[in-house]
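Notes follow once the structure below has been shown.
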Amino acid sequence: MNITDQLSFENTEIAFRHSSDADLKRAYWLFRVININFFVKVGPPLTNFAMKIGLPVNGLIKATIFKHFCGGETIRECEHTIRSLHQGNVGTILDYSIEGQDDEKAFDDTRDEIIRTIKRAVKDSSIPLTVFKVTGIIRLALLEKLDGGAVLSPAEQEEWEKAQARVLSICKKAYSEGITVMIDAEETWIQKTIDALAMDMMKRFNKEKAIVYNTYQLYRHDKLQSLKDDHITAQKNGFILGAKLVRGAYMEKERKRAEEKGYPSPIQPDKQSTDRDYDATLEYCTDHIGGIAFVAGTHNEESSRFLADMLNKKGIDHKNPHVYFSQLLGMSDNLSFNLAHVQYNVAKYVPYGPIKAVLPYLFRRAEENTAIAGQMSRELGLIVKEVERRKR
Ligand SMILES: Cc1cc2nc3c(=O)[nH]c(=O)nc-3n(C[C@H](O)[C@H](O)[C@H](O)COP(=O)(O)OP(=O)(O)OC[C@H]3O[C@@H](n4cnc5c(N)ncnc54)[C@H](O)[C@@H]3O)c2cc1C
């Protein structure tokens, strides 16, 4: 049997080898609670309220949902997670997940922290990729103004210069250390500006090696085409296109805004269309693997299987540095560890940061993992299966 024939996303023994019985027990209760839609609905406002009036909820959050989905509050606190993932051949992507800031000092501090994640990755194969979010270092309202094509005031122009310098300093550091840095995709009303920044950074830094990656959200009906257009630009300008491929995280918000403001929704008409474009993009990227380096950021089993099979069919080495599978910490370990077991490149986002600042991220994970139509969520089903297996 060749090694890829051993790939099974049902193998919970490999998926949870790094989890102790106590870890599984904690995860079991966490997902049981998350499965109850009521708690996921009332949880966020209750938590925010409790924090506002100073109730000591930090400890409870840190020992439960935070412990499951985050590496820690600092890079140092993530070391244990980095080691544990590495034992299963899974890399770490340190993701400083601070959200909702809006002053220049905070943006400079976030830039410095992102640079620390790049420094931490140097000469360490357990951290093959790094990442940042543009709204972590640039004011949202400024990005909205730029995206809408409004003229900036002299003060805003100065702010924009400083903002671009932050992006440049992160990418320059990544380039000088030879570390890949991905730029997350966000809402459509700021994404044109993010795309332009990312393309500019790729033109500067991706000549010899793919250092900067932009993110393509395939729930948008125009993104397969824009990836192809960017690939042509990359070919003409002699650089490698770096692409993180995701389905997209802001569907409801996007549809609601489009409806309220009366413009056509940028989102695909249905899930099937998103899936079709996602897989077509995987195919396009593998067809052009020399000129495109990509990361498949997905928890979808069919797409992961499709990519794994396609790499084999096209004779692309599992360890080709131009292709990575990626999932989020605390989710889809059955994909991450089973893919890594048969030698594919895999890395997981390990979010970290002060508890209060990562709460919006945690609430999104809880929402994503609620039960569908009374069924157990996929994560809970896998945990139950592994607990049963260990009893035998
Ligand atoms: C490593 C990693 C990095 C990520 N980075 C980003 C990022 O930078 N930006 C970002 O926006 N998201 C990001 N995400 C989140 C991602 O976009 C998805 O929300 C999430 O992964 C769920 O999609 P899926 O491919 O795992 O699988 P699935 O569970 O199969 O797909 C769910 C997704 O399909 C789409 N969808 C669902 N219903 C419909 C419908 N009716 N019509 C059209 N489309 C539909 C939505 O995008 C939904 O999130 C990232 C995810 C991972 C794993």
Side-chain angles (χ1 to χ4, degrees), residues 9 69 71 85 90-97 99 128-136 180-191 194-195 197-198 212-224 227 242-256 258 264-282 294-307 323-336 339 345-351 360-361 363-373 375 377-379:
F9 294 145
F69 291 111
L85 294 177
V90 172
T92 288
I93 303 167
L94 286 169
D95 175 23
Y96 187 53
S97 297
E99 295 189 18
L129 308 161
T130 63
V131 71
F132 73 96
K133 236 190 184 66
V134 167
T135 49
T180 295
V181 64
M182 304 184 289
I183 301 177
D184 275 347
E186 306 190 48
E187 292 87 349
T188 44
W189 50 98
I190 56 170
Q191 192 59 39
I194 297 175
D195 289 343
L197 278 170
V212 180
Y213 286 42
N214 195 15
T215 300
Y216 295 81
Q217 298 157 311
L218 281 310
Y219 69 2
R220 285 182 54 174
H221 52 67
D222 57 346
K223 277 293 156 178
L224 170 55
L227 178 128
K244 168 154 65 84
L245 311 177
V246 300
R247 281 181 167 76
Y250 310 99
M251 183 174 74
E252 271 148 37
K253 210 171 165 187
E254 291 283 355
R255 285 188 168 145
K256 190 163 169 256
S265 169
I267 305 298
Q268 307 265 17
D270 48 41
K271 173 80 162 60
Q272 219 181 348
S273 312
T274 301
D275 292 346
R276 180 204 57 219
D277 274 14
Y278 192 86
D279 289 354
T281 311
L282 292 176
F294 70 102
V295 172
T298 182
H299 300 135
N300 182 294
E301 294 192 11
E302 285 78 33
S303 292
S304 303
R305 167 70 69 183
F306 177 68
L307 176 57
V323 52
Y324 264 86
F325 293 81
S326 185
Q327 289 79 38
L328 308 179
L329 185 71
M331 288 177 70
S332 298
D333 280 351
N334 63 318
L335 302 189
S336 312
L339 284 162
N345 291 323
V346 185
K348 279 178 106 85
Y349 266 42
V350 173
Y361 175 87
F363 295 150
R364 281 202 298 279
R365 296 292 79 78
E367 229 163 73
E368 240 171 58
N369 283 288
T370 48
I372 306 156
Q375 283 175 8
S377 73
R378 178 77 175 133
E379 296 296 338

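Every number for a ligand or one of its atoms is a count from 1 in the order of the listing.
- When only interatomic distances are considered, the shortest N/O to N/O separation between Gln327 and ligand 1 does not fall below 3.5 Å.
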- Message: I'd like to know whether Phe132 forms a side chain to side chain contact (heavy atoms under 4.5 Å, CB included) with Asp184, so could you lay out the CA-CA distance, the side-chain angles of the two residues, the decisive distance to 0.1 Å, and finally the verdict.
- Response: CA-CA 6 Å; Phe132 73 96; Asp184 275 347; over 6 Å; no
Throw together a table of side-chain donor-acceptor distances under 3.5 angstrom for residues 246-254, partners on residues two or more places apart or in other chains.
unit_1	atom_1	unit_2	atom_2	d
Arg247	NE	Asp275	OD1	2.9
Arg247	NH1	Thr298	OG1	3.2
Arg247	NH2	Asp275	OD1	3.1
Arg247	NH2	Ser303	OG	2.8
Lys253	NZ	Glu187	OE2	2.5
Glu254	OE1	Thr188	OG1	2.5
Glu254	OE2	Thr188	N	2.7
Glu254	OE2	Thr188	OG1	3.2

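- Side chain of Glu301 to main chain of Leu335: no donor-acceptor pair is present (N/O by atom type, distance under 3.5 Å, no hydrogens or angles).
- Contacts between Glu252 and ligand 1 below 4.0 angstrom, taking non-hydrogen atoms only, are absent altogether.
- If you check which protein heavy atom lies closest to atom 51 (C) of ligand 1, you get Gly297 O, 4.1 Å.
- Summary of contacts: the protein heavy atom closest to atom 41 (N) of ligand 1 is Lys271 N, 3.6 Å.
- For atom 52 (C) of ligand 1, the closest heavy atom belonging to the protein is Leu328 CD2, 3.7 Å.
- Nearest protein heavy-atom contact of atom 26 (O) of ligand 1 is His299 N, 2.7 Å.
- Of the heavy atoms in Tyr250, only side-chain atoms (C-beta onward) come closer than 4.0 Å to ligand 1.
- For the pair Arg365 and Phe363, the cation does not sit on the ring face, since its NZ or CZ is not both under 6.0 Å from the ring centre and inside 45° of the axis.
- To the nearest 0.5 angstrom, Thr130 atom OG1 is 8.5 Å from Ile93 atom CD1.
- Close contacts between ligand 1 and Thr298 involve ligand atoms 24 (P), 25 (O), 26 (O), 53 (C) [criterion: under 4.0 Å to a heavy atom].
- Separation of atoms CE (Met182) and OG1 (Thr180) is listed at 8.5 Å; rounding is to 0.5 Å.
- In summary, Lys348 and Asp333 engage in a salt bridge, as defined by a charged side-chain N under 4.0 Å from a carboxylate O.
- When Pro269, Gly248, Ala185, Ser303 are ranked by how near their heavy atoms come to atom 19 (O) of ligand 1, first place goes to Gly248.
- Side chain of Ser332 to main chain of Asn334: no donor-acceptor pair is present (N/O by atom type, distance under 3.5 Å, no hydrogens or angles).
- Ranking the protein heavy atoms by distance from atom 33 (C) of ligand 1 puts Arg247 CD, 3.8 Å first.
- Atom 14 (N) of ligand 1 has as its closest protein heavy atom Val246 CG1, 3.9 Å.
- Side-chain atoms of Thr281 never come within 3.5 Å of backbone atoms of Leu224 as a donor-acceptor pair (strictly under, hydrogens ignored).
- Using modelled atom types, one side-chain atom of Tyr278 and one backbone atom of Leu245 make a donor-acceptor pair closer than 3.5 Å.
- Under a 4.0 Å heavy-atom criterion, Glu254 is not in contact with ligand 1.
- Distances below 4.0 Å separate heavy atoms of Ala249 from the following atoms of ligand 1: 10 (C), 11 (O), 12 (N), 17 (O), 19 (O).
- For Met251, every heavy-atom contact with ligand 1 shorter than 4.0 Å involves the side chain, none the backbone.
- With values rounded to the nearest 0.5 angstrom, Met331 atom CE is found 12.0 Å from Arg378 atom CZ.
- Of the heavy atoms in Thr274, only side-chain atoms (C-beta onward) come closer than 4.0 Å to ligand 1.
- Proximity of Glu186 to ligand 1, defined as any heavy-atom pair under 4.0 Å, is not found for any part of the residue.
- Set against the non-hydrogen atoms of Ser326, the atoms of ligand 1 under 4.0 Å away are 1 (C), 53 (C).
- Taking a distance limit of 4.0 Å, we find that atom 46 (C) of ligand 1 is approached by some protein heavy atom.
- The pair Arg305-Asp279 does not meet the salt-bridge criterion, since no charged nitrogen lies less than 4.0 angstrom from a carboxylate oxygen.
- Under the 3.5 Å distance criterion, with hydrogens and angles disregarded, a donor-acceptor pair is assigned to the side chains of Ser336 and Gln327.
- Taking a cut-off of under 4.0 Å to the non-hydrogen atoms of Asp184, the atoms of ligand 1 that pass are 8 (O).
- Counting only heavy atoms of the protein, atom 27 (O) of ligand 1 lies nearest to Asn300 CB, 3.7 Å.
- Per-residue contacts place Asp270 under 4.0 angstrom from the following atoms of ligand 1 (heavy atoms of the residue considered): 40 (C), 42 (N), 43 (C).
- Ligand 1 lies within reach of Lys244, whose nearest heavy atom is under 4.0 Å from it.
- Tyr96 meets the ring-ring contact (aromatic ring centres under 6.0 Å, His included) test with Tyr352; sequence neighbours excluded.
- Counting only heavy atoms, the protein gets under 4.0 Å from atom 12 (N) of ligand 1.
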